[in-house]
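Residue numbers start from 1 in every chain, and the chains themselves are labelled A, B, ... in the order their sequence lines are given, proteins ahead of strands. Because only heavy atoms are used, hydrogens play no part in the values below, and waters and symmetry mates are left out as well, while side chains stay in.
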Protein chains: 2
Amino acid sequence: MPPNTALLTDPSPPLRSDSAVVQTPAFSPLYQQIKGLILQSLQAGEWKPGELIPSEMELAARFKVSQGTVRKAIDELAAENLVTRRQGKGTFVTTHNEEQVQYRFLQLHPDVGQQQDEGRAQRNIMECRRMRASADIARILGLRTGDSVIHVRRVLSFGGTPTILEDIWLPSQVFKGLTAQQMAHYPGPTYAMFEMEYGVRMVRAEEKIRAVLPDTQQAQWLKTTATTPLLSVERVTYTYNDKPMELRRGLYLTDSHHYRNALS
Amino acid sequence: MPPNTALLTDPSPPLRSDSAVVQTPAFSPLYQQIKGLILQSLQAGEWKPGELIPSEMELAARFKVSQGTVRKAIDELAAENLVTRRQGKGTFVTTHNEEQVQYRFLQLHPDVGQQQDEGRAQRNIMECRRMRASADIARILGLRTGDSVIHVRRVLSFGGTPTILEDIWLPSQVFKGLTAQQMAHYPGPTYAMFEMEYGVRMVRAEEKIRAVLPDTQQAQWLKTTATTPLLSVERVTYTYNDKPMELRRGLYLTDSHHYRNALS
DNA sequence: TAGTGGTCTAGACCACATA
DNA sequence: ATGTGGTCTAGACCACTAC
């Protein structure tokens, strides 16, 4: 069988939404096409977060390619943290819940002490209501100015010390009916709640970090002074297809915590 | 040929310096062993930064394994940025020089403007001399308190604006004879100079970030005020075998720049 | 045209988990 | 005992680069 023609019988239109870059005649290796098809199934919710996806052999049969090709496709998905392989058990859809790697996107760590003790952060929801998106928030979320968004403001405390003040904006259309109760009482990461309650899987994020001083109101919320410098962390969180689904603007108190980053 | 026995004829002692974790009888896949051998050659300087390493076929013949096994070993080295593959040309030892990805470890980006215009940063060396390592610097660099280290203090300016104040500590034994002239006048990243002049390849780094206020002296150097919050970035840079070879403590002015980070 | 890395296949066997 | 992913091999062909 000639390569690169196998999947043209598949009823999926050639939606190559990679980027706006002009590509050469769009050569795409077979395993990339397979990866795209698996991605579509993930997006469509055929397999839900935490669930087992079909074995490599099954997928190979389904797509009429060799197991090795499916393997390479899954390898890339695993490298992007979209699925998780477990030897002897199978391949699972990655979830923000029930891993030891909870709080994947939170890089703030205590200066001393064992591990991510953040699991038991106290959440204080100060606000949770719909509003109209300002121009810059709309732009970042890919909405139009004035579109409805949900605004959440909360304080996270570790060991009784207020440490993170966060403003979160979410598109109302997707997170319809989100309440302060949900934000406060869901056991586990907020992103796990988004998966369970709204079927939204956050797969990656980008952060811009600065040093700032809080205004008096912010300083009060964090029980600190207006002369205590804070980390300003703006996070844009993306779901499938590089679609932005959340904007967070956080202020981190770094007296006894630090933001950790590994470079390679 | 039974797998996992192929390389025992090689004159390399089983230096498995992975971690202090107790491992099960130390099963190691063939490709990992190959990876280790290639790594040893990189460390030993058999192939220098920027140079072409032997083709997959040659390495396969040398190690008496299949090309596919060598490929998997190189795949991992490429994923760790230790080598760079270029289709049709070969596999090259990654260098901090002569890439478009210069300044690999510098995450500070201008808020506006095209790309990493940082290439033409002005470097102002304020200090470069040997000193005795304090307890905490010695600990971080894996030295003993009082061992000789070279201390460099410099200011980086972008477009005429002082933006980064950095203190750098390096083990004197390795960077013997480093001068302020070298630090100031080498064209290209400092890490490229370390490769060329001292044969030290920095392969990864870890950063701890906080928000701080400068003291009056630091504020003067950055031509700012003592009430302007700054990013404090402590970077430990590692060469092969997870050996720490540099400590940097930087203060970043984030008025018109931000620290960027991608999470996945 | 020759050589490189990149893709694809097929089959064998190993390690791990579960029943 | 069975099924999963993990490793290893061998060979074929493709795409890119250089000569």
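B/Tyr238 pairs by the side chain to side chain donor-acceptor pair (under 3.5 Å) definition with nothing, not counting sequence neighbours. A search for side chain to side chain donor-acceptor pair (under 3.5 Å) contacts involving A/Glu51 returns nothing, not counting sequence neighbours. Taking A/Ser41 as the reference, A/Glu46, A/Arg62 meet the side chain to side chain donor-acceptor pair (under 3.5 Å) condition, with sequence neighbours excluded. Evaluation of the ring-ring contact (aromatic ring centres under 6.0 Å, His included) rule for B/Tyr198 yields B/Phe175 as partners, not counting sequence neighbours. For B/Lys35, the side chain to side chain donor-acceptor pair (under 3.5 Å) partners are B/Glu76, B/Glu80, not counting sequence neighbours.
Toward the 5' end of DNA chain C, the nearer of the two residues B/Gly90 and A/Gly68, judged by each one's closest nucleotide, is B/Gly90.
The CE atom of A/Met57 sits 13 Å away from the P atom of C/dT9 (whole-angstrom rounding). For A/Arg85 and C/dA15, the CZ to C1' distance is 15 Å, given to the nearest whole Å. One atom, NZ of B/Lys64, and another, C1' of D/dA10, lie 18 Å apart when rounded to the nearest Å. Between B/Arg71 atom CZ and D/dG11 atom P there is a gap of 16 Å when expressed in whole angstrom units. Spacing between atom CG of B/Asp75 and atom P of C/dG6 amounts to 7 Å, rounded to whole angstrom units. Atom CD in B/Gln32 sits about 15 Å away from atom P in C/dA15, given to the nearest Å. The distance between atom CG of A/Leu30 and atom C1' of D/dC13, rounded to the nearest whole Å, is 13 Å. Going from atom OH of B/Tyr31 over to atom C1' of D/dT9 covers 16 Å, rounded to whole Å.
For A/Phe194 and A/His96, the ring centers are positioned 6.0 Å apart or more.
In terms of phosphate contacts, A/Thr91 brings a side-chain nitrogen or oxygen within less than 4.0 Å of OP1 or OP2 of D/dG5. At D/dC8, none of the side-chain N or O atoms of B/Lys72 fall inside 4.0 Å of OP1 or OP2 (strictly under the cut-off).
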Between the protein and nucleotides 1-3 of chain D, which nitrogen or oxygen pairs come in under 3.5 angstrom?
from, atom 1, to, atom 2, distance (Å)
D/dG3, N2, A/Gly88, O, 2.9

task: Evaluate the salt bridge (charged side-chain N to carboxylate O under 4.0 Å, His left out) criterion for residues A/Glu246 and A/Arg248: first the C-alpha distance (whole Å), next the side-chain angles of each, then the deciding distance (0.1 Å), finally the verdict.
output: CA-CA 7 Å; A/Glu246 180 199 56; A/Arg248 276 190 198 203; 2.8 Å; yes
